[in-house]
Amino acid sequence: MTFKHLKFEELSDLIDNVLVEEEREYYLAHLSQCKDCKKEYESLLKSISLISSLNKENLAFPDFSQSTIIIYKSREKKKLLFKVIPAIAASVIMVVGIGFVKVGTFNKSSSNLSGKLTANYDAQRITEDIDSLKGKIVHVNQSYIDTELDKGMLTKAENLLNNKNIKHAIIINPAISRNPLEKIVDDVSSSGIKRTIIKDYDFIPLENKQIRIRIFNYSNLKTE
Amino acid sequence: MSVNDIEIVNRVIEGNIEQFSLIIKKYQNMVFRYVYYQFNNYDEALDITQDIFITVMEALKSFRQESKFSTWLYSIMVNHCKNYRKKSSKYSLVPLKIIKQEDEIDIQLQDYRENPETKVINEDTIFIIKDEIAKLPEDFREILTLRDIDGLSYNEISDILNINLSNVKVRIHRGREYLKNRLHARGLI
């Protein structure tokens with residue numbers, strides 16, 4: 001039997017019984033002969049016993065099951081509401097007869113009504129596209145709709161809008177105007193699809209990782 | 001049993017969300033106990049436990065069933081407590097006291113917990129143990145709660161804390177040594 005004292009971690013492992021059998025027997029044999037180690041062992045055992053006693057403490061608390069399910073349901077309803085907001089926005093646009101610009105897509109023989117329906121169809125499609133790009137609609141008025149996207153989605157968004165011939169402006173500076181100057185809007189619409197930097201307005205802070213795209217409505221639509 | 005847990009989880013994911021109450025009833029004691037000993041504050045523990053179950057429920061679809069459900073739930077529990085502590089540490093805690101001239105009077109809030117076990121171990125002793133647990137470094141407190149209060153195995157702790165087994169052992173050793181010295185200094189050992 002060696003008189004080298006057992007280390008603290010060896011005593012701890014012995015208590016947790018995470019030793020191989022030979023080690024365990026050796027340590028127990030040592031403890032039976034070494035008073036210092038035996039004292040240290042019992043001291044550790046007492047410490048663990050004290051903290052373990054908290055497991056038997058009867059902690060009274062309310063049942064969390066019903067409250068959790070109620071809160072969960074409430075949050076799910078809110079999420080659902082946020083999902084349908086783009087559709088609601090599109091519906092509002094339809095009612096007030098506002099569509100989005102889509103150059104050259106109207107048939108010459110189309111009636112005004114069919115033009116509006118087409119525009120509205122596009123509005124719905126656009127909101128779905130924005131949703132698919134993980135973007136969100138941040139502002140809608142009679143002249144344009146502002147969408148907010150992650151910068152990583154810019155190329156994809158541009159391709160999508162260009163393919164559909166939809167007039168838009170990429171707002172590059174980290175802000176967006178609440179009340180855009182007509183001059184800038186005219187510049188954009190009169191020259192067809194064009195990227196325009198809009199700046200120096202009444203700004204709303206925009207997160208750096210995000211970009212806004214302004215999609216113009218069909219009041220500037222060029223029908224053939 | 002984990003098999004039952006997974007069956008229940010699948011039912012919840014399929015839309016029978018009321019079934020989640022079975023999960024909560026099964027684990028709420030362990031979760032509340034863990035949270036309570038992390039913060040040593042009854043009211044905070046109530047709020048945090050509620051948040052944990054909502055988080056678990058909302059994240060249920062992301063449970064890939066690669067581990068036991070309990071392990072996954074405990075991982076969320078541990079991380080939630082860590083995040084809460086980080087957030088709350090940004091603000092200094094103001095002790096609930098009335099300052100009356102030079103005297104300070106602690107307001108004793110009514111606590112509805114029954115504690116018959118403290119009759120076996122002196123109430124003062126329990127108070128000191130909780131106090132010392134609360135003062136432990138976070139790594140030691142979380143691992144000693146999981147091991148010595150909740151009685152989880154080394155393997156389970158390894159999965160929950162996402163650290164390897166040897167680190168689990170080392171942390172338990174150091175935590176126990178630290179706490180033992182503290183309890184010795186307080187005259188309990």
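Note on naming: letters A, B, ... go to the chains in the order of the sequence lines (proteins, then strands), and numbering restarts at 1 for each one.
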What part of Phe64(A) lies closer than 4.5 angstrom to a heavy atom of chain B: side chain, backbone, both or neither? both

Arg174(B) and Phe8(A): side chain to side chain contact (heavy atoms under 4.5 Å, CB included), yes or no, with the steps? CA-CA 9 Å; Arg174(B) 289 179 182 169; Phe8(A) 184 90; over 6 Å; no

Are side-chain N/O atoms of Gln50(B) and Ser67(A) paired as donor and acceptor at under 3.5 Å? yes

Asp51(B) versus chain A, the contacting section by heavy-atom distance below 4.5 Å: neither

Taking the side chain as every heavy atom from C-beta outward, state whether Ser21(B) and Gln66(A) have any pair of such atoms under 4.5 Å apart. yes

Give, as side chain, backbone, both or neither, the part of Lys7(A) having an atom under 4.5 angstrom from any heavy atom of chain B. neither

At a heavy-atom separation under 4.5 Å, does Ile149(B) approach chain A through its side chain, its backbone, both, or neither? both

Under 4.5 Å, counting heavy-atom pairs only, tell me which of Ile23(B), Asn29(B), Leu144(B) racks up the most with chain A. Asn29(B)

Distance from Thr68(A) atom OG1 to Glu58(B) atom CD, nearest 0.5 Å? 10.5 Å

Turns out that what part of Ile128(B) lies under 4.5 Å from chain A's heavy atoms comes down to neither

Can you establish whether the number of heavy atoms outside Asn162(B) located under 6.0 Å from its atom CG is more than 12? no

Select one option (side chain, backbone, both, neither) describing which atoms of Ile133(B) are under 4.5 Å from chain A's heavy atoms. side chain

Does one side chain, of Glu57(A) or Tyr36(B), offer a donor that lies under 3.5 Å from an acceptor on the other? no

Can you tell me how far the CD1 atom of Ile69(A) sits from the CD atom of Gln19(B), to the nearest 0.5 Å? 9.0 Å

Most contacts with chain A, counted as non-hydrogen pairs under 4.5 angstrom, among Phe53(B), Tyr37(B), Tyr154(B): Tyr37(B)

Answer whether the closest heavy-atom distance between the side chains of Leu188(B) and Lys46(A) falls below 4.5 Å. no

Taking the side chain as every heavy atom from C-beta outward, state whether Arg176(B) and Asp16(A) have any atom pair closer than 4.5 Å. yes

Ser12(A) OG to Ile172(B) CD1 distance, which is reported to the nearest 0.5 Å: 7.0 Å

Taking atom CG of Leu54(A) and atom CZ of Arg33(B), what is their separation to the nearest 0.5 Å? 8.0 Å

Ile54(B) versus Tyr72(A): any side-chain heavy-atom pair under 4.5 Å? no

Okay, Glu132(B) and chain A: the region with an atom under 4.5 Å from a heavy atom over there is neither

Tell me, for Ile51(A) versus chain B, whether the close heavy atoms (under 4.5 Å) come from the side chain, the backbone, both or neither. both

Leu22(B) portion near chain A, given a 4.5 angstrom heavy-atom threshold: neither

Do you know which of Val31(B), Val56(B), Thr49(B) has the most heavy-atom pairs with chain A at a distance under 4.5 angstrom? Thr49(B)

Option that, when pairs with chain A are counted at under 4.5 Å, heavy atom only, ranks first among Glu177(B), Met30(B), Arg182(B), Glu18(B): Glu177(B)

From CA spacing to verdict: side chain to side chain contact (heavy atoms under 4.5 Å, CB included), Val35(B), Phe61(A): CA-CA 12 Å; Val35(B) 176; Phe61(A) 52 83; over 6 Å; no

Ile126(B) side, atom CD1; Leu50(A) side, atom CG - distance, nearest 0.5 Å: 8.0 Å

Quick check: do Arg75(A) and Met57(B) have side-chain heavy atoms less than 4.5 Å from each other? no

Would you call Glu9(A) and Lys169(B) a side-chain contact if the rule is heavy atoms closer than 4.5 Å? no

Minimal heavy-atom distance between Ser47(A) and Leu183(B), with the atoms involved, is OG-CD1, 3.6 Å

Name the region of Glu42(A), side chain, backbone, both or neither, that has any atom closer than 4.5 Å to a heavy atom of chain B. neither

Could you tell me which portion of Arg147(B) (side chain, backbone, both or neither) has an atom closer than 4.5 angstrom to a non-hydrogen atom of chain A? side chain

